Visitor: 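Quick one: structure below, then a few questions.
Just so you know, residue 1 is the first one in the sequence shown, and it goes up from there. The model shown is predicted, which means the values in this text are computed figures rather than measured ones.
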Amino acid sequence: MSETIIPMLLWCPSCGERHIDKGEFATKPHHTHACQHCGMVWRPAIMPTVGVEFLPGFKDSAGEGR
């Protein structure tokens with residue numbers, strides 16, 4: 001049984017830095033995230049999540065895909 005991963009825009013609750021999962025963590029179901037800037041560890045949801053650069057359906061800040 002495969003877990004559904006919820007893509008989320010994540011910012012560290014301690015320092016406010018953006019958190020984007022890369023490599024293995026971009027596709028691996030996980031609940032806990034660690035800030036690469038300050039080291040804060042948090043759980044944004046009770047479901048498996050992944051920090052993404054753009055939400056599905058949105059490509060970039062220039063408005064492509066909107």
Side-chain angles (χ1 to χ4, degrees):
M1 181 173 139
S2 172
E3 288 188 83
T4 300
I5 302 171
I6 300 170
M8 298 181 80
L9 299 177
L10 299 174
W11 286 268
C12 174
S14 180
C15 71
E17 285 291 316
R18 183 77 182 270
H19 178 79
I20 300 172
D21 286 309
K22 295 183 179 183
E24 170 186 358
F25 291 103
T27 57
K28 179 181 177 182
H30 57 288
H31 297 78
T32 305
H33 297 270
C35 179
Q36 297 301 305
H37 183 73
C38 74
M40 169 77 175
V41 176
W42 80 101
R43 287 186 169 190
I46 60 172
M47 301 294 293
T49 57
V50 62
V52 296
E53 187 171 2
F54 306 109
L55 289 175
F58 292 84
K59 292 185 181 179
D60 61 27
S61 59
E64 289 183 37
R66 293 185 184 176

Visitor: Testing the basics here: between Leu55 and Pro7, what is the closest heavy-atom pair and its distance to 0.1 Å?
Guide: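 That would be CD2-O, 3.9 Å.
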
Visitor: Could you give the distance from NZ (Lys28) to CD1 (Ile5), rounded to the nearest 0.5 Å?
Guide: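 The distance works out to 10.5 Å.
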
Visitor: Quick check: do Val52 and Leu9 have side-chain heavy atoms less than 4.5 Å from each other?
Guide: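 They are in side-chain contact.
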
Visitor: Side chains of Met40 and Pro13, heavy atoms from C-beta outward: is any pair under 4.5 Å?
Guide: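 Yes, side chains in contact.
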
Visitor: Does the side chain of Pro48 come within less than 4.5 Å of His31's, by heavy atoms?
Guide: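 Of all side-chain heavy-atom pairs linking Pro48 with His31, at least one is under 4.5 Å.
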
Visitor: Okay, side chain of His37, backbone of Cys35: is any donor-acceptor separation there less than 3.5 Å?
Guide: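 No: the side chain of His37 does not pair with the backbone of Cys35.
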
Visitor: Report the distance from atom CD1 of Ile20 to atom CZ of Phe54, rounding to the nearest 0.5 Å.
Guide: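 Answer for the CD1-CZ pair, Ile20 versus Phe54, is 7.5 Å.
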
Visitor: So, the side chain of Arg18 versus the backbone of Gly51: is there a donor-acceptor pair under 3.5 Å, distance only?
Guide: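 No; judged by distance alone, with no hydrogens or angles, the pair does not exist.
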
Visitor: Counting only N and O atoms by type, is there a donor-acceptor contact under 3.5 Å from the side chain of His33 to the main-chain atoms of Trp42?
Guide: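 Judged by distance alone, no pair lies under 3.5 Å.
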
Visitor: Just verifying a value: how many Å separate Lys22 NZ and Glu53 CD, rounded to the nearest 0.5 Å?
Guide: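 It comes to 7.0 Å.
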
